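Taking it in order: structure first as structure tokens, then the write-up.
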Amino acid sequence: MVKLDSHGEALMAQFRELRPTLDQLAKEAFEQLSNALQEQGVYVTAMEHRVKTEKSLAGKLELKGAKYKSIDDITDLVGLRIITFYTDEVDKVAAIAKHIFDIDWEESVDKRKHQLTSFGYNSLHYICRLKTGGPRFELQMRTALQHVWSTIEHDIGYKSEVKIPPEYRRQFSRLAGMLELIDDEFSRLRMVLTEYHRQVYSLVKDGKLDDVPLAPDTFRSFLELEPFARLNRRIAVVNQAEIYPVSMMPFLPVLESFGLETLGDVQRFLDDNAEDAIQLALSQLAVTDLDILASSAALQYLCLVYVLKNDGGHRGLKAVYDIINGVGDANSMLADMMLEQAKTLPFMQRKEAE
């Protein structure tokens, strides 16, 4: 049980009196930082805030209560912790914190800049105050790996009073170095991939489609150019239908199953089959009163035409329907109906004549 001297008891009494103010401070500081991060589009994996418990404060005062003249000298009565995925995001959070809070730079410390003899992972610690004044509070910013390492250190008692044998200290040092390297490499890899995505988007925008491999991200960039919009409008004219947007990403596996490898292949696939896709669409839509058309209609007809022109038959048509609709018995009936409707179309008759 913790026993405090008279000075420690006086500080504890001050804490109890200040507690309502600290509760409000924790809530307000958390909300201000959370809103600022959201406005700046900075995603963090976790945000925590707390007011120090009496038990925790008593332990602190028992060990070093004499160094504090008043309760205001204790800077971590309120604590916020921000956990990010990447090291560069810690700096982004810090930049935002500097903008919305007053920072006590003499008390703040960047514990990431540890010496080689240090063990474990540390955080960037700011001692802050709201712009409107009030008690100071502590803001800890660290990556997920730093947080995990800190938790492990605490769990296995590495920083306890028990002296750790040299061989175990060396093992801790090696593991800490490995985690630091992993943390840095994840951030570096993200920057490399971000630059790659930027280059890919530039190639797509400039029409250099043969240089861009077909993949989820690149196909998504290609779709931003609305390559199937003109064909959709030509199909919609049949019934003066309204086009409503849907995702075309489910068609990516279909295109890959056709052996298309680049966005240039997709563009040629569109160019080579557009007129035949219109024929197929007309054969279906002209006898209906459908007045709403999904934006994926053009791509769907293109895929069906490609199968028909390349002797995919019933199996190939059903495979397309299975991918875009989900596997089901109804897809077999759709494939049969499509074969029946398409057999009189000019592109099918040309294929038979060949």
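Side chains included, hydrogens not; waters and symmetry mates left out as well; all remaining heavy atoms used. Because the structure is a prediction, the values reported are computed rather than measured. Residue numbers start at 1 and run along the sequence shown.
- Atom CZ of Arg136 is separated from atom CZ of Phe101 by 15.0 Å, given to the nearest 0.5 angstrom.
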- [ ] Output, in order, the C-alpha distance, side-chain angles, deciding distance and verdict of salt bridge (Lys or Arg N to Asp or Glu O under 4.0 Å) for Glu54 and Arg16.
- [x] CA-CA 8 Å; Glu54 286 196 19; Arg16 294 189 182 108; 3.1 Å; yes
Task: Residue pair Val307, Arg315: steps toward the side chain to side chain contact (heavy atoms under 4.5 Å, CB included) verdict - done: CA-CA 9 Å; Val307 171; Arg315 178 178 295 181; over 6 Å; no
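- Asn310 places no side-chain N or O within 3.5 Å of a backbone atom of Gly312 that could act as its donor or acceptor partner.
- To the nearest 0.5 Å, the span separating CG on Leu61 from OH on Tyr68 amounts to 7.5 Å.
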Exercise answer: donor-acceptor pairs, residues 272-280 side-chain atoms, under 3.5 Å, sequence neighbours excluded:
residue	atom	partner	partner atom	Å
Asn273	OD1	Lys309	NZ	3.0
Asn273	ND2	Phe269	O	2.8
Glu275	OE1	Arg234	NH2	3.2
Glu275	OE2	Arg234	NH1	2.9
Glu275	OE2	Arg234	NH2	3.3
Asp276	OD1	Arg350	NH2	3.3
Asp276	OD2	Lys309	NZ	2.7

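- Under the 4.5 Å side-chain heavy-atom criterion for ILVMFWY residues, no single connected hydrophobic cluster contains both Val327 and Ile324.
- Of the inter-residue distances, the one linking Glu224 atom CD with Arg220 atom CZ reads 9.0 Å to the nearest 0.5 angstrom.
- Counting heavy atoms from C-beta on, the side chains of Asp104 and Thr75 never come closer than 4.5 Å.
- Minimum heavy-atom separation, His49 to Ala26: CD2-O, 3.7 Å.
- Looking at every heavy atom in both residues, Leu255 comes nearest to Cys303 through CD2-SG, 4.2 Å.
- In terms of modelled atom types and a separation under 3.5 Å, the side chain of Gln14 and the main chain of Ile71 share a donor-acceptor contact.
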Task: Stepwise side chain to side chain contact (heavy atoms under 4.5 Å, CB included) check, Asp336 with His314 - done: CA-CA 7 Å; Asp336 287 335; His314 177 276; 2.8 Å; yes
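- The side-chain heavy atoms of Leu231 and Leu302, taken from C-beta on, include a pair separated by under 4.5 Å.
- The shortest distance between side-chain heavy atoms of Leu77 and Pro135 does not fall below 4.5 Å.
- The environment of CZ in Arg268 is crowded: more than 12 heavy-atom neighbours from other residues, nucleotides or ligands sit within 6.0 Å.
- Remark: the backbone N or O of Val237 is paired with a side-chain donor or acceptor of Gln240 at under 3.5 angstrom.
- Considering all non-hydrogen atoms of both residues, Pro213 and Thr218 come closest at O-OG1, 2.7 Å.
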Task: Chi angles and distances behind the side-chain hydrogen bond (donor to acceptor under 3.5 Å, both in side chains) call for Asp271, Gln267 - done: CA-CA 6 Å; Asp271 295 339; Gln267 185 62 56; 3.1 Å; yes
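- There is a path of hydrophobic side-chain contacts, each under 4.5 Å, that joins Trp105 to Phe137.
- Arg188 and Glu185 are joined by a salt bridge, as a carboxylate oxygen and a charged side-chain nitrogen come within less than 4.0 angstrom of each other.
- In this structure a side-chain-to-backbone donor-acceptor pair under 3.5 Å is present from Asn331 to Gly326.
- Taking CZ from Arg233 and CD1 from Ile235, the interatomic distance works out to 11.5 Å, rounded to the nearest 0.5 Å.
- By the neighbour-count criterion of 12 heavy atoms within 6.0 Å, atom CD of Glu261 is sparsely surrounded, having that number or fewer from other residues, nucleotides or ligands.
- In Lys27, the NZ atom is not crowded: 12 or fewer heavy atoms of neighbouring residues, nucleotides or ligands sit closer than 6.0 Å.
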- [ ] Output, in order, the C-alpha distance, side-chain angles, deciding distance and verdict of side chain to side chain contact (heavy atoms under 4.5 Å, CB included) for Tyr301 and Leu285.
- [x] CA-CA 12 Å; Tyr301 282 117; Leu285 301 178; 4.0 Å; yes
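- The shortest side-chain heavy-atom distance between Tyr306 and Val254 does not fall under the 4.5 Å cut-off.
- Across all non-hydrogen atoms, the minimal contact from Ser283 to Leu345 is CB-CD2, 3.9 Å.
- In the displayed structure, Glu106 atom CD is contacted under 6.0 Å by at most 12 heavy atoms of other residues, nucleotides or ligands.
- Pairing each heavy atom of Phe228 with each of Leu223, the nearest pair is CE1-CD2, 3.8 Å.
- Side-chain atoms of Asp102 do not come within 3.5 Å of backbone N or O of Arg129 as any donor-acceptor pair.
- Remark: the backbone N or O of Leu181 is not paired with any side-chain donor or acceptor of Asp184 at under 3.5 angstrom.
- Atom OH in Tyr86 sits 15.5 Å away from atom CG in Asp91 (nearest 0.5 Å).
- When all heavy atoms of Ser295 and Pro245 are compared, the closest pair comes out as OG-CA, 3.4 Å.
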Task: Leu209/Thr262 under side chain to side chain contact (heavy atoms under 4.5 Å, CB included): CA gap, chis, key distance, verdict - done: CA-CA 7 Å; Leu209 302 180; Thr262 69; over 6 Å; no
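- Note that CD1 of Ile82 is 8.0 Å distant from CE of Met141, once rounded to the nearest 0.5 Å.
- Other residues, nucleotides and ligands place no more than 12 heavy atoms under 6.0 Å from the CD atom of Gln38.
- More than 12 non-hydrogen atoms from other residues, nucleotides or ligands lie less than 6.0 angstrom from CZ of Phe258.
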